[in-house]
Structures are given as structure tokens and as C-alpha cells.
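Note that these values count all heavy atoms, side chains included, but never hydrogens, waters or copies made by symmetry. Below, read A as the first sequence line, B as the second, and so on, with proteins coming before strands; counting in each chain starts at 1.
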Number of protein chains: 2
Amino acid sequence: MKHINLLKEHHLKVTPQRLVIVNSLYEEGHITIDRLYTILKNNFTNISLATIYKNIHLMEVNNLIQEVKIPNHKSVYEIVKEEHSHIVCTNCSNIIDITLNTDELKQQVKLVSNFHINHSCIVFDGLCHDCVA
Amino acid sequence: MKHINLLKEHHLKVTPQRLVIVNSLYEEGHITIDRLYTILKNNFTNISLATIYKNIHLMEVNNLIQEVKIPNHKSVYEIVKEEHSHIVCTNCSNIIDITLNTDELKQQVKLVSNFHINHSCIVFDGLCHDCVA
DNA sequence: CTGACTGCAAACGTTTTGCACGGTA
DNA sequence: TACCGTGCAAAACGTTTGCAGTCAG
């Protein structure tokens with residue numbers, strides 16, 4: 001099974017449950033707790049939601065994954081990687097990553113506010129190619 | 001009390017509780033359920049959280065207010081107005097509105113995705129002027 | 001071998017629901 | 001007056017905690 005090193009690099013013990021969680025995150029890109037529970041039940045008959053929540057929390061704290069809050073949707077989790085934005089299809093709920101240049105935007109922010117900005121969180125919604133038809 | 005027309009325009013009956021809710025939204029800009037409960041308790045000794053949730057839900061459905069989801073924070077509600085972005089201070093949790101020109105950003109999105117975009121939701125975090133010191 | 005992880009059950013906080021009463025239009 | 005809104009209590013959710021047994025390192 002892949003992704004063993006990802007767990008080790010983030011100082012997490014390698015367990016079968018964690019490997020399936022990380023693998024699911026890679027395969028699906030963005031995943032809800034519910035979806036994770038469904039997947040884990042297929043692999044471990046006695047899987048507990050508590051185990052999922054505990055692991056999600058640990059992985060967040062260790063910066064392996066992060067929560068993405070999306071308007072009018074349940075939160076999803078994703079593997080931490082370089083900063084990027086999200087587009088959500090309001091019809092089929094599909095979520096994709098996009099990399100944008102936000103320099104110009106941050107420049108605007110600097111002009112109109114006196115905040116010292118750290119991160120930006122940008123989510124678009126609309127219709128994906130399939131759902132436009 | 002002001003804001004009676006705002007309720008009427010959104011097809012909501014005018015009640016004392018609703019007037020205080022709308023008034024609080026105007027005065028504070030962004031407000032959590034908890035904060036609303038604290039305020040309403042000062043005005044109505046027997047106010048129920050159920051009343052607050054029911055009204056918040058109704059006002060959302062009638063497009064008078066909207067939820068703003070903020071990374072690592074409780075959701076806040078605000079009066080619906082022209083599209084704008086938010087900056088949150090990671091130290092004092094203060095939230096301010098900013099109006100940005102997102103044309104260039106949406107142009108980028110158009111180039112790298114085949115979505116038909118509707119809305120954008122942009123939240124920055126950082127330190128406000130007071131907290132930098 | 002030791003500490004960490006799992007599964008279970010219970011607890012917890014938040015949000016929703018049903019109902020009887022009271023108020024708005 | 002008729003319907004809608006309120007407050008209360010209970011229920012429904014989602015998430016967290018404590019514990020005993022098991023497993024990874």
C-alpha cells in the first residue's frame with residue numbers, strides 16, 4: 001500500500017485504517033466524513049466513527065490534511081499541498097482544484113485595508129461542463 | 001425601530017424578536033448564533049434558541065441574510081448586499097468587508113476550467129492593524 | 001515492552017421538531 | 001379571525017470523550 005511515507009513524515013503511526021484514509025483522500029481529492037465512513041466500512045467491518053474523527057483531527061494537527069469549508073455544502077478534507085483555489089458545481093457537487101495567481105488581488109487588499117494578510121481562501125461556484133448541458 | 005421595511009420587503013411578518021435580530025445584524029455587521037442569543041436575552045427574558053434558529057433559517061431562505069463560512073471560525077451571518085470579500089483577524093477575530101475587483105481573477109478561472117462560474121467566495125486571514133502591534 | 005490506536009458506549013454541543021399558546025395582519 | 005411566530009421540551013444530529021483491549025514500533 002502506498003502513502004506509508006506520508007504518514008511517517010507527519011509523525012503518525014502507520015495503521016491499516018490510516019492507510020485507507022490517506023488512500024481515499026488521494027483517490028477522491030476532496031472527501032467528507034460521511035464518505036470516508038462509507039469507504040472504511042467496506043474495509044473494516046467494525047470501523048468506528050470515533051476512529052475517523054480522531055484520525056482526521058490528528059492529521060489536521062500534523063498538517064497532513066486540511067478542512068475546506070464550502071458555502072451550502074458539508075466540509076471536505078484534502079491533502080495539504082501548495083496553495084490553490086476550489087470550484088464547486090452547484091448541481092453535482094463536484095469539486096476541482098485550480099491554481100490562480102492572486103498577486104493582483106492581494107495588492108488590492110493591501111490598498112483598501114490595513115491588515116497584514118496571511119492566507120487567502122477562494123471558492124467559486126457554478127456549473128461544471130457536464131452540468132451546463 | 002428601524003428595519004421594519006427590510007422585513008416586509010422579504011415577506012416576513014414584523015415581530016419584536018425579528019426587529020432585534022435585524023438591528024443586531026446591522027450594528028455588528030457579522031454575527032454568530034451565540035452572540036445573537038446573548039443579545040436577544042437582554043431584550044426578551046424568555047427568548048428561545050429555537051426562535052433564533054427558525055428566524056435565521058427563514059431570513060436565509062428569503063435572501064435577507066446569508067451565512068459566511070470562515071476557516072477555523074464559527075459561521076457568521078450578515079445582511080445580503082452587493083458581492084464583497086472578507087478579512088478575518090486571526091488574533092482578535094474581527095471581520096471586515098472589502099470590495100474587490102475580481103474580473104481579472106474570473107478571467108483566469110475561465111482560462112483554466114470549463115465551469116460556468118456564478119459566485120466567488122473570498123476570505124483572507126491575517127492580522128488587523130491593532131493586532132500587528 | 002510501552003505507548004499509541006481502535007472500537008464501543010456514553011456524553012456533549014448544536015440544531016431541529018412538535019405542540020400549545022399568544023400575537024400579527 | 002386565521003394564520004404565523006414564540007417558547008418550551010424533546011428529539012435528532014454531528015462530534016468528542018473515557019475506557020478496556022489490541023497493535024505498532
Side-chain angles (χ1 to χ4, degrees), chain A residues 1-24 31-62 64-77, chain B residues 1 3-25 31-62 64-77:
Chain A
M1 181 77 101
K2 303 175 294 187
H3 310 313
I4 289 185
N5 289 334
L6 195 70
L7 288 169
K8 289 183 179 169
E9 287 163 11
H10 291 270
H11 313 102
L12 294 168
K13 277 194 180 179
V14 177
T15 68
Q17 290 85 344
R18 287 179 182 172
L19 281 171
V20 174
I21 291 175
V22 174
N23 197 54
S24 305
I31 204 163
T32 60
I33 298 289
D34 284 358
R35 175 81 184 120
L36 218 35
Y37 189 42
T38 301
I39 294 171
L40 282 256
K41 271 193 292 196
N42 292 334
N43 292 268
F44 310 94
T45 43
N46 291 325
I47 187 71
S48 162
L49 258 177
T51 300
I52 295 179
Y53 280 111
K54 285 169 185 167
N55 279 319
I56 287 292
H57 179 244
L58 260 183
M59 291 179 184
E60 266 196 285
V61 168
N62 289 45
L64 198 169
I65 66 174
Q66 63 193 359
E67 185 183 0
V68 184
K69 289 189 177 185
I70 298 172
N72 312 311
H73 280 267
K74 291 183 183 172
S75 286
V76 296
Y77 293 86
Chain B
M1 180 78 100
H3 310 313
I4 289 185
N5 289 333
L6 195 70
L7 288 170
K8 289 183 180 171
E9 287 163 12
H10 291 269
H11 314 102
L12 294 168
K13 277 194 179 178
V14 177
T15 69
Q17 289 86 344
R18 287 179 181 172
L19 281 172
V20 174
I21 291 175
V22 174
N23 197 54
S24 303
L25 282 158
I31 205 162
T32 60
I33 297 290
D34 283 358
R35 176 79 184 122
L36 218 35
Y37 188 43
T38 302
I39 295 171
L40 281 259
K41 271 193 293 195
N42 292 334
N43 293 267
F44 310 94
T45 43
N46 291 325
I47 187 70
S48 162
L49 258 176
T51 300
I52 295 179
Y53 280 111
K54 285 169 187 169
N55 279 319
I56 287 293
H57 179 245
L58 260 183
M59 290 179 185
E60 265 197 286
V61 168
N62 290 45
L64 198 168
I65 66 174
Q66 63 193 1
E67 185 182 1
V68 184
K69 290 189 178 185
I70 298 172
N72 311 313
H73 280 268
K74 290 183 182 173
S75 286
V76 295
Y77 293 86

Check the pair E67(B) / S75(B) against side chain to side chain donor-acceptor pair (under 3.5 Å), numbers first and verdict last. CA-CA 7 Å; E67(B) 185 182 1; S75(B) 286; 2.7 Å; yes
Round to the nearest Å and state the distance from I56(A) atom CD1 to dT16(D) atom C1'. 14 Å
Taking only side-chain N and O atoms of N46(B), does any of them lie within less than 4.0 angstrom of OP1 or OP2 on dT6(D)? no
Measure CG/N5(B) against P/dA25(C) and give the value in whole Å, please. 12 Å
Whole-Å gap separating P (dT22(D)) and CZ (F44(A)): 18 Å
Strictly below 4.0 Å: does S48(B) bring a side-chain N or O up to OP1 or OP2 of dT6(D)? no
I52(B) atom CD1 is separated from dT6(D) atom C1', nearest whole Å, by 12 Å
N55(B) CG to dT16(C) P, in whole Å, measures 13 Å
It should be established whether T15(A) places a side-chain nitrogen or oxygen under 4.0 Å from OP1 or OP2 of nucleotide dT6(C). yes
Nearest-nucleotide 5' precedence on DNA chain D, D34(A) against K54(A): D34(A)
Whole-Å distance, R18(B) CZ to dG7(D) P, equals 11 Å
Does OP1 or OP2 of dG7(C) have a side-chain N or O of Q17(A) closer than 4.0 Å? yes
Which whole-number value in Å describes the distance from L49(B) CG to dT14(C) P? 9 Å
